[in-house]
There are 2 protein chains.
Amino acid sequence: MLSAVSSLVEVARAAGVSVSTASRVLTGSSHPISAKTRAKVIATAEKLGYSPSALARALVSRSSRLIGVLVSDIVNPYFSVIARGIDDVASRAGYVTMLSNVDRRTSTEISRLRTMRDYRAAGVIIAGSGFEADPLAPDLAVAVGQAKEQGIQAVSLTSRDLGCPVITADNEGAAHDVTDHLLSLGHRRIAFIEGPPGMTTSKQRRDGFLACMNAANLSDVARCLPGGFDFEAGHLAAMRLIARPPLPDAILAANDEAAVGALNALRQAGIDVPGEISVAGINDLRLARFVGLTTVSLPLYEMGAMAAQHVIDALPGDATTTLLSHRVIPRETTARRPPG
Amino acid sequence: MLSAVSSLVEVARAAGVSVSTASRVLTGSSHPISAKTRAKVIATAEKLGYSPSALARALVSRSSRLIGVLVSDIVNPYFSVIARGIDDVASRAGYVTMLSNVDRRTSTEISRLRTMRDYRAAGVIIAGSGFEADPLAPDLAVAVGQAKEQGIQAVSLTSRDLGCPVITADNEGAAHDVTDHLLSLGHRRIAFIEGPPGMTTSKQRRDGFLACMNAANLSDVARCLPGGFDFEAGHLAAMRLIARPPLPDAILAANDEAAVGALNALRQAGIDVPGEISVAGINDLRLARFVGLTTVSLPLYEMGAMAAQHVIDALPGDATTTLLSHRVIPRETTARRPPG
DNA sequence: AACGGCTAGGCAAACGTATGCCTTAACCGA
DNA sequence: TCGGTTAAGGCATACGTTTGCCTAGCCGTT
């Protein structure tokens, strides 16, 4: 209470024991300590408001309880749900997360990864957006390699080839299944609003869509439009569809936000959803529930949780890929195709 | 590249200099070093993939570049925007943020604060939800006091009495101004859907609403309904209003999410917004733009940025309160009151 | 009586870095 | 020639822990 900062040394002195004894009491070591001494040390530590230096601990034990988390943008609900999953299992295990926003910039990703390394993080979870085609991508892989060499666990949440285990959603399957849902409602001419070009996730979702359409022998009426992962992109893409009739039977957007943007454009144009056209998205963010959007729920929280658990358990598994399952959530923006 | 982990000692040896010289080169100390030696050290460090231990640095310099951030729930956009503001200025200054979700539980808040202290954070930014009436609130203040004694900067983002500087939005003013906006559109009978009971923010927003109504001599037609900060709460509150006609002229919700919930209930009941009734919220989350909700924009990002800057600059200012300004954003859910 | 094992506790080294202080050499002006 | 300043670099200590190894006493066994 009096001293500005109290170290183990001070606690030991005040309790009349050696530093090692104090340490052993406070860490709950298996080394035998008399009940009396133990109580004395604990009481003294309490009284002095002792706070063990996690820094010193990490230094000597050569392992911190820090987990680095790299996301594109924490404001994006996609990433915040992942981050939440990570933090929940991390803090339950006594770990703390270092969060960093990298804004889809691989160079930033590399630099932040280096920072996490400097802090001797137990592990790093990379949930950046994953631009496969980025010329810096190999450098990132190198940085990941260096981290691993230093004993830092790395886990990727997008399936880029980073030389570390990947835990991710089955994006392709998700897109496939929601497409299938639209087909089961009788829709045939389906337009797909793509995600940002170059991103792994974008590609996987488009592949899923096309695979499903192909399997149904509908590849000739499948249509892909350039889009993006945000509201405006969806809005714009839908406007373009509206401008060149006839409208498709249904629109699938690579993303809930884009789907809502499309929804908005359609309704502004006086087009009834789902009366005249169905709309669906992917992700099942809270937003989707608000507007009643049909979508597919991705295991984002679980991805984060699992990745954190992987780091904490110091699991190996170098090139393993874990695919978590999804679920189509039908809501009010999709309906059976109207006759005619 | 070869050694699993390389320390300054190894770099020094490999470069044929002493540890202190290596240190001075790598930290850019003002101590004079010959250009040749400097180059040699830098090259060696590069070749060995040297990563300076931030832990050891922090230990010896007695100050880390870690900033603790306590939020209720990072998935809530309110907090993620704040967190983004923090991280942007933090990482630009070479700091890294430790994020922790405390779920409105003061006990968790205290425990996480302790963890941040153990890591000798340079500062802690407390953006928990702020339950004033919580019996543990004094304990939190004590924990903050201990942290400060240890040289840890503390900043609160809600105006609880924590004995540390407060940087916050003018919640009362925001509610006042958006109420005023509704009045200026001719509305008189306004219903306010409150936030969760016991929270500072809830109370301030209600106060702002009531103050504005009082000033307009309309306290007799001002009506407050219990609500909450989420979609369901707004939905429920609106349902109750619908069940007992007549409808008010307008509804102000303490929150965008609740406002959207109310909007949803009204439209489900076939009530035209803004034709028959106006609806407004507070916060101006992305969601508000999507649904065209009239709201008031709060400086959440700036709050975070400013708090981080405060920590980094190690500013004093014990009991100071900084109020950041807001702006009413009229959109499509409010309109002039229909005649009759 | 000698010895093994257990309990309780202390000593000191190590983790990786920063920095105050010292030494040496070179250089400059008087 | 000499004192003084400056450049360049090394030595050693400190930061706050953990932990392997050692000591001392005590008890029980043979």
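A quick note: this is a predicted structure, and the numbers were derived from the prediction, not measured. All chains are named by letter (A, B, ...) in the order of the sequence lines, taking the proteins before the strands, and each is independently numbered beginning at 1.
Listed candidates were dG10(C), dG16(D), dA14(D). Nearest to the side chain of Val60(B) is dA14(D). Checked against dC21(C), dG9(C), dT17(D), the side chain of Ser7(A) finds its nearest nucleotide in dT17(D). Considering only side-chain atoms of Val9(B), the nucleotide from dT17(C), dC15(D), dT19(D) that sits closest is dT17(C). For Val19(A), taking side-chain heavy atoms from C-beta onward, the closest of the listed nucleotides dG16(D), dT7(C), dT18(D) is dT18(D). Comparing atom distances between the Leu59(B) side chain and each of dG16(C), dA12(D), dG10(C) picks out dG16(C) as nearest. Each of dC11(D), dT17(C), dC15(C) was ranked by its minimum atom distance to the side chain of Arg57(B); first place goes to dT17(C).
Between the CZ atom of Arg13(B) and the P atom of dG16(C) there is a distance of 12 Å, rounded to whole Å. For the pair Ile33(A) CD1 and dT19(D) C1', the computed distance is 13 Å after rounding to whole Å.
In summary, Asp87(B) and Arg92(B) do not engage in a salt bridge, as defined by a charged side-chain N under 4.0 Å from a carboxylate O. A salt bridge links Asp88(B) and Arg84(B); the closest N-O separation between the charged side-chain nitrogens and carboxylate oxygens is under 4.0 Å.
Look at Thr21(B) and you won't find any side-chain N or O under 4.0 angstrom from OP1 or OP2 of dG9(D).
In terms of heavy-atom proximity, Tyr301(A) sits nearest to Val81(A) at N-CG1, 3.5 Å.
The residue Thr37(B) sits close only to the backbone: its heavy atoms come under 4.0 Å of sugar-phosphate atoms, none of a base.
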